[in-house]
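Reviewing the structure listed below.
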Amino acid sequence: MTTFTPATSAEVLSTIQWAAAEETPVEILGHGSKRGIGRPQQTEHTLELSKLTGVTLYEPAELVLSARAGTPLAEVEKLLAENGQQFAFEPMDYGPLLGGEPGRGTIGGVLASNLSGPRRLKAGAARDHILGISAVSGRGEAFKSGGRVVKNVTGYDLSKLMAGSWGTLAVLTDVTFKVLPAAETEVTLAIRGLLDDAAAAAMALALGSSAEVSSAAHLPERIAARVAAGHLGSNAATLLRVEGFGPSVVYRIEALKQLLGKAGPLQEIAGEASKTIWRDVRDCAPFADGGARPVWRVSMAPSQALHMVMALRMQAAADAFYDWQGGLVWLSMREDDPEAELLRGLIRKFGGGHATLVRASAPHRAALPVFEPQPPHLAALSARLKAEFDPKHILNPGRMAPGSSSATLPRSTEGRAP
């Protein structure tokens, strides 16, 4: 096996041109922090972008940042924090969940996997903040899309097309993102001891109020003890995050207390303690225990999620917690459960959605459809898209679906919270 480590965009281009000429499949990696997501790769060669690094443009006043695709996300976020700014969509770090080190993800991987976090309800995902890209297609052709300004409408929006493509359409070499000021104050209001149905009602009430809740999650009993080093205790915790200027946050938290005072015992958590809780929710810390149990990420209508989980527990051993007001369900199951067929059947029964297997052994991932199977008309469109960008199927072949034609179109429920 050969591992290519280009340090420039020109070297990426020449490597892909060679692979296309030889019709040789290549696995595309940043630092490999999300390598365990998707079907196992069986390629002789790897293109690793760990040396293609560096912030090439940062204009805090213009809210714009550009970097080479292999730049560590942790490095970029540190730079933003020093200037009081952030990626508002707070991209998840899959490293700990997949048994790796935290902080190993790259900024190119953020877009390729369309990352987001608990603030997705308010801020969207990576695809909603990308301004421009430079990339190399599987044809061995370099191309650009978008630009370095927020108001950019030139050409086709290929930048968003790359979101969630997992390296199956093109190799990103440079990306430009919109950044936003970080909140001055953050406070989390926790309602303790609620069952799933009461928690769903409380979150819906809070999100429908004028309190401008930026994140809403529910950690059932015992799951709560697995975040923030156990500081929440084991009782169920329904979490509502409020962010902004200090006086505004105080006012909105008080309004939530008045609104939800009868729902259950209330706990106010501020500052770094609040940030730690949401970081753990973002990174699926309750299931990042070093175990090998399969972990699923389910996106569906918030009002139906708890009913789906209840029906699932009648037939399989599953732990679950909820983010995005219930629109995102994290599930931990056993390998011997018929989880793919059972889970996706229940999702269809309760209104539809998408289920992605984000952690499992390589043989398990090879035997199951890791990403949500597409209906025939979308699958045909995806195949044509793959043929345009990568006609010889050399980029991450088979990662997203069996066979060589593996690109999938971004789905609306994957790009935005339901």
Side-chain angles (χ1 to χ4, degrees), residues 90 92-97 102 116-122 183 185-207 211 213-244 249-250 252-291 293 295 297-298 302 305-306 309-310 313 318-332 359:
E90 55 182 338
M92 177 185 181
D93 184 353
Y94 273 108
L97 179 63
S116 63
R119 205 181 290 115
R120 189 172 190 171
L121 284 170
K122 181 177 181 179
T185 304
E186 173 181 323
V187 176
T188 295
L189 186 66
I191 313 170
R192 306 311 304 265
L194 299 186
L195 297 178
D196 290 4
D197 54 350
M203 288 190 291
L205 186 60
L207 267 294
V213 174
S214 62
S215 308
H218 175 61
L219 309 177
E221 188 176 2
R222 295 187 303 276
I223 295 288
R226 303 180 197 174
V227 305
H231 291 162
L232 275 178
S234 61
N235 288 340
T238 306
L239 308 170
L240 304 168
R241 179 166 60 173
V242 177
E243 300 174 286
V249 170
V250 170
R252 286 181 283 146
I253 286 290
E254 289 302 316
L256 281 177
K257 287 180 178 179
Q258 293 292 323
L259 182 66
L260 301 168
K262 295 181 180 180
L266 301 179
Q267 179 182 1
E268 192 172 327
I269 306 165
E272 193 59 38
S274 174
K275 293 178 182 178
T276 299
I277 289 170
W278 288 105
R279 190 180 306 120
D280 284 354
V281 171
R282 180 196 73 182
D283 296 342
C284 196
F287 301 149
D289 51 9
R293 282 176 56 121
V295 173
R297 181 181 186 272
V298 176
L306 70 118
V309 171
M310 186 179 301
R313 283 174 170 159
D319 286 335
F321 73 93
Y322 308 83
D323 199 358
W324 305 353
Q325 193 200 333
L328 173 63
V329 186
W330 289 102
L331 291 166
S332 174
R359 186 183 74 187

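What you see is a predicted model; the values in this text were computed from it and never measured.
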Value rounded to 0.5 Å, distance of [atom1] in [X] from [atom2] in [Y]:
X	Y	atom1	atom2	answer
M310	L195	CE	CG	9.0 Å
L207	K122	CG	NZ	11.0 Å
T188	K275	OG1	NZ	11.0 Å
D289	R226	CG	CZ	7.0 Å

Item to complete: Apply side-chain contact (heavy atoms from CB on, under 4.5 Å) to R359 and Y94, showing your working.
Response: CA-CA 10 Å; R359 186 183 74 187; Y94 273 108; over 6 Å; no
So, do [X] and [Y] sit near enough that their side-chain heavy atoms are less than 4.5 Å apart?
X	Y	value
F287	I223	yes
W278	S214	no
L260	T238	no
P220	R222	no
L219	L232	yes

Worksheet entry | Whether F321 and W330 hold their rings parallel, tilted or perpendicular, with breakpoints at 30° and 60° |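 The arrangement is parallel - the two ring planes meet at less than 30°.
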Can you name the nearest heavy-atom pair linking [X] to [Y], along with the distance?
X	Y	result
R297	L328	CG-CD1, 3.5 Å
A199	L194	CA-CD1, 3.9 Å
A228	D280	N-OD2, 2.7 Å
C284	V295	SG-CG1, 4.4 Å
A183	E243	CB-CB, 3.8 Å
M203	H218	CE-CB, 4.0 Å

Worksheet item: Can you name the one residue among L240, L239, L121 that meets side chain to side chain contact (heavy atoms under 4.5 Å, CB included) with V213?
Response: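 Passing option: L240.
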Worksheet item: CD of E254: more than 12 outside heavy atoms within 6.0 angstrom?
Response: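 More than 12 within 6.0 Å, yes.
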Practice prompt. Check the pair L97, D283 against side-chain contact (heavy atoms from CB on, under 4.5 Å), reporting the backbone distance first and the verdict last.
Written response: CA-CA 7 Å; L97 179 63; D283 296 342; over 6 Å; no
Worksheet item: Under 3.5 Å, side chain of R192 to main-chain N/O of L266, donor-acceptor pair present?
Response: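 A pair under 3.5 Å: no.
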Practice prompt. Could you walk me through whether D323 and R282 pass side-chain contact (heavy atoms from CB on, under 4.5 Å), step by step?
Written response: CA-CA 8 Å; D323 199 358; R282 180 196 73 182; 6.0 Å; no
Item to complete: Let me see the working for I253 and E268 under side-chain contact (heavy atoms from CB on, under 4.5 Å), right down to the final yes or no.
Response: CA-CA 9 Å; I253 286 290; E268 192 172 327; 3.9 Å; yes
Worksheet item: Could R241 and E90 be called an ion pair, given the rule that one side-chain N must be under 4.0 Å from one carboxylate O?
Response: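 E90 and R241: salt-bridged.
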